[in-house]
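Have a look at the structure below before the remarks.
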Amino acid sequence: MITSPAFSGKRYAILGLARSGLAAAEALLASGAEVVAWDRQDVAREKLEGRATLADPLDIDLTGFDGVVVSPGVPLNTHPIAGHAAKFGVPVIGDIELFAIAQPTLPSHKVVGITGTNGKSTTTALIHHICETAGLPTLMGGNIGIPIMAQNPLRDGGIYVLELSSYQIDLTYSLKCAVALLLNITPDHLDRYDGFEAYAASKARLFSLMEYDGAAIVSGSDSASQNILAGLKSEKTDRVLDLSTATADGQINWPALQGPHNLQNAIAAVSAGLQLGINETVLESALTSFTGLPHRMEFVGEHGGVTFVNDSKATNQASAAPALAAYPANPEPRVHWIVGGLAKEDGLGECAEHLSNIKAAYTIGESGPRFAELLEGQVPVVKSELLCEAVRSAVDAAQSGDVIMLSPACASFDQFRDYEARGEHFRQIVAALTGTEPPTASRMEGSSAA
């Protein structure tokens with residue numbers, strides 16, 4: 001875990017003892033801080049019994065406390081902890097701010113901060129992979145993977161790659177990023193903000209959390225991102241990069257980065273890598289070898305010229321559509337689409353725009369019959385019910401150059417515990433049918449924060 005003398009003798013209250021809250025408590029206690037902690041769940045509080053004072057920060061006098069640490073999931077616009085802490089002049093912070101406070105006492109390092117409405121997790125994971133490919137000591141944290149305070153600090157020259165939701169940025173004040181990257185801004189989670197402009201302003205605050213000579217990168221062509229870019233250019237004369245019209249060759253060689261949205265992610269990650277001094281040969285190698293995040297257009301493998309893609313996280317039509325768009329006809333349709341499960345909405349939605357890419361559809365689950373009805377006459381349909389049947393039929397039909405893709409456009413609860421269990425089952429079926437080793441499940445699961 002990350003510890004620091006900066007916390008020694010300080011007093012912190014922690015509200016919520018899920019993964020990031022518990023990691024913050026453990027790090028603070030190991031650093032010699034006094035900790036008051038609380039969680040509604042008895043089992044969570046028991047983990048700190050005898051080592052921290054167990055009390056609700058809302059019920060105590062916070063005079064003399066150095067901070068109240070809350071989960072990014074706590075809605076500061078409605079939760080009473082914000083007003084209670086303000087009465088005592090105590091800042092409400094998150095675990096990223098604890099990392100920021102520890103920064104000056106850690107071995108020399110750089111931080112890459114990534115935010116945006118869409119694409120954060122993939123871009124963060126790709127930058128982390130680029131650093132690994134370059135042989136740099138690196139770790140990934142923030143809104144993805146293991147909580148930052150639970151990870152061991154890097155040696156000299158390390159690169160911390162942090163995915164930062166707007167919620168996390170709201171709770172951070174002193175982070176120093178060598179590279180700050182904004183991908184895009186579209187309306188999302190507006191129940192936490194006083195309108196879209198306030199949400200965009202939260203994203204823009206990432207650029208206030210930079211080193212003096214840090215690089216500011218804006219990828220999005222949307223109006224909110226471009227407005228932020230214009231402000232940066234008026235305030236900062238050096239190292240402001242606009243990627244909104246940038247293009248790149250070679251995407252066909254990056255199996256886990258197909259589709260226009262992943263091209264944007266790749267361009268952003270490459271730009272960050274260049275700012276870190278990583279050469280183009282390493283960057284191209286990293287783009288080629290990147291396997292993607294689990295269950296998000298994850299490249300599972302290739303067998304007999306057929307590519308297998310696990311996009312189990314596509315639990316509605318809008319999230320499945322980019323996956324279908326990622327593999328255009330060349331010149332004939334080549335996608336064997338496994339679709340169905342527990343539908344969240346009726347119809348094909350945005351998927352209807354990409355049916356020309358579908359060579360055949362294999363319907364599964366509770367909504368399988370409805371998808372078969374919707375697709376009949378537009379693409380060949382194989383009614384499969386079970387995932388194993390669908391994959392077997394697709395393997396039998398696929399030819400070299402084709403893509404077999406699980407992008408179900410539905411929730412999984414009719415047949416599986418969650419989308420992760422569905423995606424893992426797909427991996428295992430593919431391995432069994434092709435005689436290949438199943439890929440190792442990754443721990444890089446991100447959260448759904450903005």
Side-chain angles (χ1 to χ4, degrees), residues 1-15 20-21 23-28 30-35 57 62 64-72 74 76 81-82 85-86 88-115 120 124 139-144 147-151 153-154 158-182 201-217 228 231-232 235-236 239 275 449-450:
M1 74 180 73
I2 291 176
T3 60
S4 173
F7 302 126
S8 180
K10 300 293 181 65
R11 300 176 71 196
Y12 289 91
I14 299 178
L15 182 61
S20 63
E26 295 287 4
L28 289 169
S31 299
E34 178 185 339
V35 173
L62 294 174
F65 277 74
D66 294 279
V68 177
V69 183
V70 301
S71 161
V74 174
L76 296 184
I81 189 61
F88 298 93
V90 177
V92 178
I93 62 176
D95 64 327
I96 301 300
E97 177 62 13
L98 290 180
F99 170 76
I101 294 169
Q103 266 190 279
T105 66
L106 298 175
S108 65
H109 63 275
K110 293 181 179 178
V111 173
V112 180
I114 302 100
T115 197
K120 295 188 298 298
T124 300
L139 63 77
M140 179 174 62
N143 200 45
I144 186 171
I148 184 66
M149 297 303 290
Q151 302 193 56
L154 297 170
I159 309 292
Y160 295 87
V161 187
L162 304 181
E163 176 187 332
L164 300 173
S165 70
S166 59
Y167 305 160
Q168 288 169 313
I169 294 171
D170 291 341
L171 297 168
T172 305
Y173 305 95
S174 53
L175 186 67
K176 295 292 184 290
C177 294
V179 179
L181 170 58
L182 170 64
S202 175
K203 295 291 191 188
R205 277 198 63 246
L206 175 65
F207 296 111
S208 70
L209 304 174
M210 293 174 56
E211 296 177 356
Y212 174 75
D213 58 349
I217 303 173
I228 291 169
L232 284 169
E235 299 168 4
K236 181 178 167 64
R239 299 184 76 189
Q275 294 300 315

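Sequence positions, counted from 1, serve as the residue numbers for this chain. Please read these numbers as outputs of a predicted model, since none were measured by experiment.
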Take Thr172 and Phe99, measure what side chain to side chain contact (heavy atoms under 4.5 Å, CB included) needs, and give me the verdict at the end.
-> CA-CA 10 Å; Thr172 305; Phe99 170 76; over 6 Å; no

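- With sequence neighbours left out, Glu97 forms a salt bridge (charged side-chain N to carboxylate O under 4.0 Å, His left out) with no residue at all.
- Between Leu76 and Ala82, the shortest heavy-atom contact is O-CB, 3.8 Å.
- Across all non-hydrogen atoms, the minimal contact from Gln168 to Pro72 is CG-CG, 3.6 Å.
- Legend: residues meeting side chain to side chain donor-acceptor pair (under 3.5 Å) with Asp170, ordered by chain and number and at least two apart, are Tyr193, Ser202.
- The main-chain N or O of Lys176 is found under 3.5 Å from a side-chain atom of Gln103 such that the two form a donor-acceptor pair.
- Taking both residues in full, the closest heavy atoms of Lys236 and Tyr212 are given as NZ-O, 3.9 Å, listed atom of the first, atom of the second, then distance.
- Between Gly142 and Ile96, the shortest heavy-atom contact is CA-CD1, 3.8 Å.
- For Glu26, the side chain to side chain donor-acceptor pair (under 3.5 Å) test picks out Arg51, with sequence neighbours left out.
- Applying the side chain to side chain donor-acceptor pair (under 3.5 Å) rule to Thr105 yields the partners Ser4; only residues at least two apart in sequence or on another chain are considered.
- Remark: Ala30 engages Met1, Thr3 in a side-chain contact (heavy atoms from CB on, under 4.5 Å) (not counting sequence neighbours).
- Listed for the Tyr160 side chain is a donor-acceptor partner under 3.5 Å among the backbone atoms of Leu154.
- Side-chain N or O atoms of Lys110 include none that pairs as donor or acceptor with a backbone N or O of Val179 at under 3.5 Å.
- Taking the side chain as every heavy atom from C-beta outward, Tyr167 and Asn143 never approach each other to under 4.5 Å.
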Could you go step by step and tell me if Thr115 and Lys120 meet the side chain to side chain contact (heavy atoms under 4.5 Å, CB included) rule?
-> CA-CA 6 Å; Thr115 197; Lys120 295 188 298 298; 4.2 Å; yes

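- Counting all heavy atoms, side chain and backbone alike, Phe7 lies closest to Ile101 at CE2-CG2, 3.7 Å.
- Atom CG of residue Leu162 and atom CG of residue Leu209 lie 11.0 Å apart, to the nearest 0.5 angstrom.
- Scanning for side-chain contact (heavy atoms from CB on, under 4.5 Å) contacts around Pro57 gives Ala13, Leu15, Trp38, Ile81, with sequence neighbours left out.
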Could you walk me through whether Leu171 and Asp95 pass the side chain to side chain contact (heavy atoms under 4.5 Å, CB included) test, one step at a time?
-> CA-CA 8 Å; Leu171 297 168; Asp95 64 327; over 6 Å; no

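- To the nearest 0.5 Å, atoms NZ (Lys10) and CG (Leu98) are separated by 11.0 Å.
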Leu164/Leu175 under side chain to side chain contact (heavy atoms under 4.5 Å, CB included): CA gap, chis, key distance, verdict | CA-CA 11 Å; Leu164 300 173; Leu175 186 67; 4.0 Å; yes

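- A pairwise comparison of heavy atoms in Ala85 and Val92 identifies CB-CG2, 3.6 Å as the closest pair.
- At least one donor-acceptor pair closer than 3.5 Å links the side chain of Asp66 to the backbone N or O of Arg11.
- Between the Glu163 side chain and the Met140 main chain, no donor and acceptor come within less than 3.5 Å of each other.
- Scored by the side-chain contact (heavy atoms from CB on, under 4.5 Å) test, Ile228 finds Leu182, Ile185, Ala204, Phe207, Leu232 as partners (sequence neighbours excluded).
- With sequence neighbours left out, Arg239 forms a side chain to side chain donor-acceptor pair (under 3.5 Å) with Gln275.
- Between the NZ atom of Lys203 and the OG atom of Ser166 there is a distance of 4.5 Å, given to the nearest 0.5 Å.
- When side chains are defined from C-beta on, Ile14 counts as touching Leu28, because their heavy atoms get closer than 4.5 Å.
- One finds the CD1 atom of Ile2 at 4.5 Å from the CD1 atom of Ile148 (value rounded to the nearest 0.5 Å).
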